[in-house]
Amino acid sequence: MQKLNIFAPLAYFHGGSINGYNAQTAPIFMPNTVGGYMPGPRDYPGNTSQPNSSKTIIAALEHGYVVVSAGLRGRTIIEDSKYVGKAPAFIVDMKAAIRFIRHNSELLPGNVDRIITNGTSAGGATSALTGTSGNEPFFDKYLQELGAADESDAIFAASCYCPIHNLEHADSAYEWQFNGINDWSKLNYGTGKIETGKLNDEQIVLSKELKHQFIDYLNSLQLQDNNNQKLSLDDNGQGSFLNYVKNFIIQSAQKALDSNQTVDSNSGVIIENDVVKDINWSKYLSFITRMKSTPAFDDLKMDNPEPNLFGTEKIDSQHFTKFAQEHSKVPSKLADQKLVQAINPLQYLDNKDSAKYWRIRHGASDRDTSFAIPIILATSLKNTGHKVDFAMPWDTPHSGDYDLRDLFTWIDKVCA
Ligand code: DHB
């Protein structure tokens, strides 16, 4: 798994240039194939097995980027009867790959001062964590154990699609959003069938408790909007932060209207003369529907990807929130809370070696995590002086790489 592929446009082997870039100046684009915190093997153009980002790699090469595809360990890998891919393996491998590229920069094409990571979902979280955690000492011992090069692992920019991150606050954020909606439905990737269910009485009680946890968390962040106004929530979960979240959806619907996309009449979006005036929030949430039961990530039977990410060499899954550990339905341990925090990109907002440029996309109909989660990331990055391009494309589910042309335009602009 810990191998990487390096690709350069053919022209660069002959002293040529593409799109104004050459073998020395081309940005180094690093898409990962991580999904569900599973192993994300190195990838190549034309790969037809899953997971793959073959189309993205081809498009990036055609556009003149050098592409580095690094294999990253994931939560299911077993070696010598030990689990070797639990957190923080994915980020350690990513950092080792970046250090390798830097260490060999004289031999390799591409500009190591213009490394841009890219990923979707757990891969988007990987990209975000790579972006904020450049050279953070927490990872030193893991990188030394691996024999990683003694180099900087900082990057220039991060592209993140629907990053499933901030896991220790994701359960409460989900209930802040979906509390009151008790029906859930999700696609089972194994069977290809849609599974449905209803929160039971206990889950309805837990949902309310988690919702209130989120209100305290959000208020503790002291986030500000673009006009330096404080974003907060009252005891009912309403307030300036909710309006701020709604506004991103309103902007998304307006953009859809302006480009002649249809905005579903059942979506709760209130339109007058082609102008989006408001959004009926509960109607919008009923329209997109709840996907996960309660708790959404640290589930009480530890069947989800996330408790499995926080296992150890010997233990397959552990709870990672005190809340789930206290309410657990199975024999369980609580993961090291320092480790849980260490893989949260928000842990490193004041890191001087964090990526300066950010492009974050989260579909307006994505229900894999609360809208609050990517919005908190984008806003706290902005509030700490990073350059952030954030949007929530209309009618877009949990997915990524759907707007590569725009992504590459953004990369060209920030690299100029
Ligand atoms: C992914 C999706 C999830 O809903 C989740 O909880 C973790 C990871 C993913 O697609 O990577």
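Order of appearance sets the numbers: ligands from 1, and atoms from 1 within every ligand. Numbering starts at 1 and runs along the sequence shown. Every heavy atom of this structure was used, including side-chain atoms; hydrogens, water molecules and symmetry mates were not.
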task: Taking only Lys NZ, Arg NE, NH1 and NH2, and the carboxylate oxygens of Asp or Glu, determine whether Asp368 and Lys186 approach each other closer than 4.0 Å.
output: no

Write none if no such pair exists; otherwise list each N/O atom of ligand 1 with its protein N/O partner under 3.5 Å and the distance.
residue: ligand 1; atom: 4 (O); partner: Lys292; partner atom: NZ; Å: 2.8
residue: ligand 1; atom: 4 (O); partner: Asp368; partner atom: OD2; Å: 2.6
residue: ligand 1; atom: 6 (O); partner: Lys292; partner atom: NZ; Å: 2.8
residue: ligand 1; atom: 6 (O); partner: Glu306; partner atom: OE2; Å: 2.5
residue: ligand 1; atom: 10 (O); partner: Ser121; partner atom: OG; Å: 2.7
residue: ligand 1; atom: 10 (O); partner: His398; partner atom: NE2; Å: 3.3
residue: ligand 1; atom: 11 (O); partner: Gly36; partner atom: N; Å: 2.5
residue: ligand 1; atom: 11 (O); partner: Ser121; partner atom: OG; Å: 2.7
residue: ligand 1; atom: 11 (O); partner: Ala122; partner atom: N; Å: 3.0

task: Kindly say whether Pro163 contributes a backbone atom to a donor-acceptor pair with the side chain of His165 at under 3.5 angstrom?
output: yes

message: Using the ring centroid of each side chain, check whether Tyr12 and Tyr21 are separated by less than 6.0 Å.
response: no

Donor + acceptor pair across side chains of Asn304, Tyr37 (<3.5 Å): no

query: Would the Phe320 and Phe297 ring centres measure less than 6.0 Å apart?
result: no

field: Centroid-centroid under 6.0 Å between Phe248 and Phe371 rings
entry: no

